[in-house]
There are 4 protein chains.
Amino acid sequence: MSVVPTAVAEPEEHLYGRPDKRRSILDAAAQMFGELGFERASVDAIALKAGVSKPTIYSHFGTKERLFRESLGESAARLNRDLMAAIDGLDVTTRTWRAALHALGESLVACHQSECSQSLQRQIVAEVKRDPELSTAISERASGPLLDALATKLARLSEAGHLRVKDPELAAKQLIALTNAEMVELSAMGTRRVAADDARRAARAGVDAFLAAYAR
Amino acid sequence: MSVVPTAVAEPEEHLYGRPDKRRSILDAAAQMFGELGFERASVDAIALKAGVSKPTIYSHFGTKERLFRESLGESAARLNRDLMAAIDGLDVTTRTWRAALHALGESLVACHQSECSQSLQRQIVAEVKRDPELSTAISERASGPLLDALATKLARLSEAGHLRVKDPELAAKQLIALTNAEMVELSAMGTRRVAADDARRAARAGVDAFLAAYAR
Amino acid sequence: MSVVPTAVAEPEEHLYGRPDKRRSILDAAAQMFGELGFERASVDAIALKAGVSKPTIYSHFGTKERLFRESLGESAARLNRDLMAAIDGLDVTTRTWRAALHALGESLVACHQSECSQSLQRQIVAEVKRDPELSTAISERASGPLLDALATKLARLSEAGHLRVKDPELAAKQLIALTNAEMVELSAMGTRRVAADDARRAARAGVDAFLAAYAR
Amino acid sequence: MSVVPTAVAEPEEHLYGRPDKRRSILDAAAQMFGELGFERASVDAIALKAGVSKPTIYSHFGTKERLFRESLGESAARLNRDLMAAIDGLDVTTRTWRAALHALGESLVACHQSECSQSLQRQIVAEVKRDPELSTAISERASGPLLDALATKLARLSEAGHLRVKDPELAAKQLIALTNAEMVELSAMGTRRVAADDARRAARAGVDAFLAAYAR
DNA sequence: AATGAATGAGATTTCATTCAT
DNA sequence: CATGAATGAAATCTCATTCAT
């Protein structure tokens, strides 16, 4: 769950031509772009942090823009993995489905509050006007699958007679919106770290509202 | 209601030193910052669009950063004015309070989708990490008052026996979250213009969910 | 006749905003481009030699390419002035027209061997493939007028019964070609300075051949 | 006669270390240098076009500069071969020597207008100031032999009583100068392709002038 | 002999900011 | 008060060249 995973130890050590320079570049880029944004993160600084030379970056990625996109893509994939794991964990068959839904809400909020997600959001919102394709790329890779999976789960709960959901995708969006409803203020727009307890409470409040609206 | 009002003709003509230069600078800044973001909007370009020279900008605002903040402040004030007008319009005393709440939802969504609001959001999210004070400044001037006013209205509705709201501020946040739940996707993160009909439908769906959760 | 004229003393001294920076930039550019060619002459070096900062160059000329073109234009104008002066000096009315033609030949060769002309030629030949417009620009400003003027003179000499010239423009081209016939080798393609005596002799040999072909 | 002959199929196949890589490198270099000049032609691009890797180029030629020189040397040799063939074809013994001289003039002009010759000229003029040895190298390999051979032929014609030539080498230079007198303008400094007819006419005009000056 | 990967040095260009008028 | 002109600093990107394999 670390934002910038240290390069995993490779089994066989190459002394030269190490293709894991790509990894260290992407890690450095994720960190710098995440902290400073596309414009203020200089390729020089990324190279320095990655421990490679500038031309190495350019030979690998061709353009600062492309490096940015690949970096975002990785972050989105990582975020998506976390989110999907959370959703997959939702057991809709047991009688404790309410507790499970609360747990899911907490997980979703935790994911959204992760540094990875926050910086991803910052970067996308900041650059989406310059490159609108970013929006589609990300929603295809992260928000889309998340919503689909969540909608499916809610449909199951509905079929099981627990919820009364006519439009599962809408309900999914509302569930996410509700769990995050308090987080913008609590985190001061992603500026402040939110205490785990507060996050949990906010998540529960959101799920409660959702249940109030949809539980049979 | 135009986002960037053209400088109105001034009644008294000065030969020079017209204090409305400040206005045209702020207008130009709002437009450029809104389109390009803080980094990519160059002071040169703002000066050109404002029809003044660069040093004039610096003598008025001292720093690009300060100009940015003032520009954001203005946008926030303008947005707040619109939002408050919408909320003030909510009549909680009549029997048609449900329709009024639906209308309010629609207004809120419309405000949030306005170019002014969208670009404000973009700018803040993009720069808030560099200057966390932005967050407080904006929430004090725009989101805060909005939430207060909305919470007050909801409390009234609760007192009047229409809703069952224990925590009005939480409910206010949830109402806003619900009305916007579908907008992120519909507008492709603010990239696409959303048809007025779609926006209205999305707003109603949000208000409906809110009522399902809170209506007595 | 100096390639890089020192900035002429201006009558009124401005202490600041001296527009003669343009002059010193152009002078430095002419020298650097002349010595090193377009690619190897760096804007840094030109700025240093001109005693200005790099951005000053860019604010004056916008682009290295444009600076190059303006520099070439000036050199061409200067060369043209010299060449025209030489041709204007040809008196076709006197009985000593042969001597005058020899003198003209010498002047033309001297002009062509001037550092200004040599470096102009180098630069144009080197860059004309990248920017074919250079060719037309220069022939319109330098070679064209020269040929016209020379052709006119030869036509006069023909009318006066001294020469038998059917196509004056062709004859003009041939006269120039003949006077320069030996110079390519003598100057080792512009690498070596040619002794004034050798240049004069070569010029006379060319004019002699011209007279052998065209004198009545 | 193609300027850049495609590498001919090699008779003996080595698994690697094929010595015809040198050929393909030289061919690619000739083309790139000819089109872009020394500076703008990157070793990367040459390696790509040659279908080899950069280090291969360096192991063969050591330096971009040396590759350039070898490339020029080859072009000069090729040009010289063509020119000498043209001159060797001049039969000074027949009574049709005038026609033969006209034909020779046409051949010379054709050679000079060949892409090979034009790009050679461009490259030398562009780089001769940086490396003056280029001048001697080329005149030894191309212009020098050409002039010698041509001078010898003219001397023969003089001995045969057809011409009155005192200084055969001077006459040779003048003949070449005269045949090319119109080509600079016609070809717009090597920018434009000249129609074969125009080239022929220009060549004849030059030879005519030569004959007017030197024919007995 | 040949190569994929890496790099130090340097290219052009832009920007926020400040003088002197 | 407003400005044209100037600049230090830094941005992205390219290139000739060299290792280690």
Side-chain angles (χ1 to χ4, degrees), chain A residues 14-22 25 39-47 51-65 67, chain B residues 14-19 21-22 38-47 51-65 67-68, chain C residues 14-22 25 39-47 51-65 67, chain D residues 14-19 21-22 38-47 51-65 67-68:
Chain A
H14 300 282
L15 267 162
Y16 187 82
R18 307 169 317 183
D20 61 322
K21 293 217 162 175
R22 191 188 168 84
I25 293 171
E39 292 289 339
R40 300 174 86 88
S42 78
V43 177
D44 275 280
I46 294 173
V52 302
S53 73
K54 234 185 314 179
T56 300
I57 293 187
Y58 279 92
S59 78
H60 273 279
F61 298 93
T63 294
K64 188 189 183 186
E65 180 68 36
L67 172 59
Chain B
H14 298 283
L15 219 87
Y16 70 54
R18 310 172 319 182
K21 291 212 164 177
R22 192 187 165 84
F38 177 75
E39 290 289 339
R40 302 173 87 88
S42 77
V43 178
D44 274 280
I46 294 172
V52 304
S53 74
K54 246 185 307 182
T56 302
I57 291 187
Y58 278 90
S59 78
H60 273 276
F61 297 92
T63 289
K64 188 190 184 185
E65 181 67 36
L67 172 58
F68 181 64
Chain C
H14 300 283
L15 267 163
Y16 188 81
R18 309 169 316 183
D20 61 321
K21 294 219 162 177
R22 192 188 167 85
I25 293 172
E39 290 289 341
R40 301 173 85 88
S42 77
V43 177
D44 275 281
I46 293 173
V52 303
S53 73
K54 240 183 312 178
T56 302
I57 293 188
Y58 279 91
S59 78
H60 273 278
F61 297 94
T63 292
K64 188 189 184 187
E65 181 67 36
L67 173 59
Chain D
H14 298 282
L15 218 88
Y16 69 53
R18 309 172 320 183
K21 291 212 163 177
R22 193 188 164 83
F38 177 76
E39 291 290 339
R40 301 174 88 88
S42 78
V43 178
D44 274 281
I46 293 172
V52 303
S53 74
K54 246 188 303 183
T56 302
I57 292 187
Y58 278 90
S59 79
H60 272 276
F61 297 92
T63 289
K64 188 189 185 187
E65 181 67 36
L67 173 58
F68 182 63

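Numbered from 1 within each chain, the chains take letters A, B, ... in sequence-line order. Only this structure's heavy atoms are used, side chains among them; waters, hydrogens and symmetry mates stay out.
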| query | Which is true for D:Ala41 with a 4.0 Å heavy-atom rule: it touches a base, it touches only sugar-phosphate, or it touches nothing? | reply | sugar-phosphate
| G-U wobble or Watson-Crick pairing nucleotide for F:dA10 (cut-off 3.5 Å, both distances) | E:dT13
| Mind checking who E:dA20 pairs with, Watson-Crick or G-U wobble, both distances under 3.5 Å? | F:dT3
| request: Compare the minimum distances between each of F:dC13, E:dT17, E:dT12 and the side chain of A:Tyr58, then state the nucleotide with the smallest one. | output: F:dC13
| request: Look at the side chain of D:Lys64 and the backbone N and O of D:Phe38, then say whether any donor-acceptor pair between them is shorter than 3.5 Å. | output: yes
| Euclidean distance, atom CZ of residue C:Arg22 to atom C1' of F:dG4 [Å, nearest integer] | 15 Å
| remark: Here the distance between atom C1' of F:dC15 and atom NZ of D:Lys64, to the nearest Å, is 8 Å
| said: I want to check one thing: is the phosphate of F:dC1, taken as OP1 and OP2, less than 4.0 Å away from some side-chain N or O of B:His60? | reply: no
| task | Kindly say if A:Lys21 contacts the phosphate of E:dT7, meaning a side-chain N or O under 4.0 Å from OP1 or OP2. | result | yes
| request: With DNA chain F as reference, determine whether A:Thr63 or D:Glu65 sits nearer its 5' end, using the nearest nucleotide of each. | output: A:Thr63
| message | Between the base of E:dT17 and the side chain of B:Lys54, is one N or O donor paired with an acceptor at under 3.5 angstrom? | response | yes
| message | Heavy atoms only, 4.0 Å cut-off, all strands: where does A:Ser42 land among base, sugar-phosphate and nothing? | response | sugar-phosphate
| request: Select from C:Glu39 and A:Pro55 the residue whose nearest nucleotide in DNA chain E is closer to the 5' end of that strand. | output: A:Pro55
| query | Is there a Watson-Crick or G-U wobble partner for E:dA1 with both distances under 3.5 Å, and if so, which one is it? | reply | none
| said: Quick check: closest heavy atoms across B:Ser53 and B:Ala47, and the distance to 0.1 Å? | reply: C-CB, 4.1 Å
| Does E:dA1 have OP1 or OP2 sitting under 4.0 Å from an N or O in the side chain of D:Ser59? | no
| request: Round to a whole Å and report the spacing from CD1 of C:Ile46 to P of E:dT13. | output: 11 Å
| Separation of B:Phe68 atom CZ from E:dT17 atom P, in whole Å? | 14 Å
| said: With side-chain contact (heavy atoms from CB on, under 4.5 Å) as the test, pick out the partner of C:His60 among C:Ile25, C:Val52, C:Leu67. | reply: C:Ile25
| message | I need the CZ-C1' distance between D:Phe61 and F:dA16, as an integer number of Å. | response | 16 Å
| field | Euclidean distance, atom CD1 of residue D:Ile57 to atom P of F:dT17 [Å, nearest integer] | value | 11 Å
| message | Once rounded to the nearest 0.5 Å, what's the spacing between atom OG of B:Ser42 and atom NZ of B:Lys54? | response | 8.0 Å
| note | Atom CG of C:Asp44 and atom P of F:dA10 are separated, to the nearest Å, by 15 Å
| query | Can you check side chain to side chain donor-acceptor pair (under 3.5 Å) on A:Ser59 and A:Thr56, steps first, answer last? | reply | CA-CA 5 Å; A:Ser59 78; A:Thr56 300; 5.4 Å; no
| message | In this structure, how many angstroms lie between the P atom of E:dC15 and the CZ atom of A:Arg40, rounded? | response | 15 Å
| query | For E:dT7, does either OP1 or OP2 sit under 4.0 Å from a side-chain N or O belonging to A:Ser53? | reply | yes
| note | What one should report as the nearest heavy-atom pair of B:Ile46 and B:Ile57 is CG2-CD1, 3.9 Å
